[in-house]
Amino acid sequence: MKTQTRVPLSRPYIDEREEELVLEVLRSGRLSLGPWIDEFEELFAERVGAPYAAAVSSGTAGLHMLCHIAGVREGDEVITSPVSFVSTANCFIFEGGRPVFADVDPRTLNLDPDAVEAAITEHTRGIVAVDMFGYPCELDELRAIAERHGLFLVDDSCEALGAQYKGGPVGSHGISGAFGFYPNKQITTGEGGMVTTHSQDEQELVKSLRNQGRSYDSRWFHHPRLGFNYRLTDLQAALGIAQLEKLDRLLALRSEVAARYGELLAGVDGVEAPLADDDDHRRSWFVYVVMLAEGLDRDAVLERLGAQGIEAAHYVPAVHLQPYMRERYGFAEGMCPVAEDACSRTLALPFYPQLQAADQERVVAALRHAI
């Protein structure tokens, strides 16, 4: 009997253009701190509608530097979302900040502004929001809260390249943030990220901090501040430029795959599809995460999908219930009931631009059988 090929959870979209540009960098002999990084930054800033951008080694690195610049100190409280990747909290824990998790909106799975307001204390220093699963957060409400209480606001847009909030690209609304380029993202540089900002001073500071605090206005080894090794290479920048060139196509393919899943899942009991866009929120499809009905055994569903050659995953566990969060801060169940319920039922299905219709039909048939 012929064995079916596995359907992977994700897969980058790479073609001859990426190979061409990366080879050009290799042949130039300038692999880092070269002109490709400048070009990538300029193209990216233009694409997201931000006046300034700085390429970094990861989205996490970008978020960390923004929290460093914001002045987070030991004991400062920073409010963030329990429905995210752990870096959304780690970025200020690195600076000694203490995470405070506000619950999420059950529809968007992004921070609930009312919960954020209720979580503010005299020790609160800032807010790190997240555009989860590529769905824009309630940026205007969160900005108003931050301004009212004198807090900094950083947007974790690592999953949201190409998303739009109230008619403008995420990145264009005046809030500093970071994008990520891991292989499952809308574009990839293998590893890598980008800080976007509306402040030239902040951009220059990020460029200094990413390179061990080096000054570019003086002699070569001149370091006026403590910094990090958070550089992106020219090889990665060339890959990013090639990916940006096809971003419209990548986003369109992702939207087509998502729409097809929506149609196929419409008749599957026990599965709730992701929230649809509205006038203020236009999602950029990063992953395709469904919600299983209460009472279904998610682990059993995953095991049955795996037996059929379908890769799927829990996506994502609640951040505050991760082992190191429990051990370090004493967090436990019941702190964020909406987030905890959602995280116990979410399931990521295979999702990438070149996913074929036949494979999607196979995924949904296997899911129906697994349920």
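Along the sequence shown, residues are numbered consecutively beginning with 1. We use all heavy atoms of the structure for the numbers below, so side chains are in, but hydrogens, waters and symmetry mates are not.
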Between Phe351 and Phe286, does the ring centroid distance fall short of 6.0 Å?
-> no
Counting only heavy atoms not in Arg231, do more than 12 sit closer than 6.0 Å to its CZ atom?
-> yes
Between the CZ atom in Arg298 and the OG atom in Ser344, the distance rounded to the nearest 0.5 Å is 6.5 Å
Quick one: is the NZ or CZ of Lys246 closer than 6.0 Å to the six-membered ring centre of Tyr13, and within 45° of its axis?
-> no
Test item: Asp76 side-chain N/O and Arg125 main-chain N/O as donor-acceptor pair under 3.5 Å | no
Polar contact flag, side-chain donor to acceptor under 3.5 angstrom, Gln243-Thr189 | no
What do you reckon, is CD of Gln356 surrounded by more than 12 foreign heavy atoms closer than 6.0 Å?
-> no
Applying the 4.5 Å side-chain criterion to the ILVMFWY set and letting contacts propagate, would Leu66 and Val130 be lumped into a single cluster?
-> no
Are Ile187 and Leu232 connected in a single hydrophobic cluster, I mean Ile/Leu/Val/Met/Phe/Trp/Tyr linked by side-chain heavy atoms less than 4.5 Å apart?
-> yes
Polar contact flag, side-chain donor to acceptor under 3.5 angstrom, Glu191-Gln236 = no
Just wondering, are more than 12 heavy atoms of other shown residues or ligands nearer than 6.0 Å to CG in Asn229?
-> yes
Given the side-chain rings of Tyr315 and Phe133, with only the six-membered ring counted for Trp, is the space between their centroids under 6.0 Å?
-> yes
Going by atom types only, do Gln164 and His281 share a side-chain donor-acceptor pair under 3.5 Å?
-> no
Which pairs count as salt bridge (charged side-chain N to carboxylate O under 4.0 Å, His left out) when at least one residue sits in residues 82-110, sequence neighbours excluded?
-> none
Answer yes or no for Arg11 and Tyr352: cation-pi contact, defined as NZ/CZ to six-membered ring centre under 6.0 Å and angle to ring axis within 45°.
-> yes
Are Leu367 and Met291 joined in one hydrophobic group, where the rule is that I, L, V, M, F, W and Y side chains link up if heavy atoms are under 4.5 Å apart?
-> no
Interatomic spacing from OH in Tyr52 to OG in Ser199 - rounded to 0.5 Å | 7.5 Å
Verify same cluster id: Leu63, Phe179 (apolar side-chain graph, 4.5 Å) = no
In Å and rounded to the nearest 0.5 Å, what is the CG to CG distance from Leu349 to Leu265?
-> 6.5 Å
Given Asp156, Asp155, Leu161, the one that forms side-chain contact (heavy atoms from CB on, under 4.5 Å) with Asp131 | Asp155
Is it true that the side chains of Tyr324 and Asn90 contain a donor and an acceptor less than 3.5 Å apart?
-> yes
Should we count OH of Tyr182 as having more than 12 external heavy atoms under 6.0 Å?
-> no
Spacing of CD belonging to Glu19 relative to CZ belonging to Arg17, to within rounding of 0.5 Å = 12.0 Å
Closest non-hydrogen atom pair between Met325 and Val319, with its separation | CG-O, 3.2 Å
Do the side chains of Tyr288 and Leu275 join up, straight or via other hydrophobic residues, at under 4.5 Å, putting them in one cluster?
-> no
Value rounded to 0.5 Å, distance of CH2 in Trp36 from CD in Glu41 | 14.5 Å
Please say whether more than 12 non-hydrogen atoms of neighbouring residues, nucleotides or ligands are located less than 6.0 Å from NE2 in His149.
-> yes
Test ring-ring contact (aromatic ring centres under 6.0 Å, His included) applied to His68 and Tyr230, Phe94, Phe228, the passing residue = Phe228
Would you say the side chains of Asp140 and His173 form a donor-acceptor pair under 3.5 Å?
-> no
Do other residues, nucleotides or ligands put more than 12 heavy atoms under 6.0 Å from Glu46 CD?
-> no
Spacing of Glu117 atom CD and Glu141 atom CD [to the nearest 0.5 Å] | 11.5 Å
Going by distance alone, is a donor N or O of one side chain under 3.5 Å from an acceptor N or O of the other, for Thr121 and Glu77?
-> yes
Has Asp15 got more than 12 heavy atoms of other residues, nucleotides or ligands less than 6.0 Å from its CG?
-> yes
Scan side-chain atoms only and decide if His320 and Glu340 contain a donor-acceptor pair under the 3.5 Å cut-off.
-> yes
Among Leu111, Asn110, Asp112, which residue meets the side-chain contact (heavy atoms from CB on, under 4.5 Å) test with Thr108?
-> Asn110
Is the distance between the ring centroids of Phe181 and Phe40 under 6.0 Å?
-> yes
More than 12 heavy atoms of other residues, nucleotides or ligands under 6.0 Å from CZ of Arg27: is that the case?
-> no
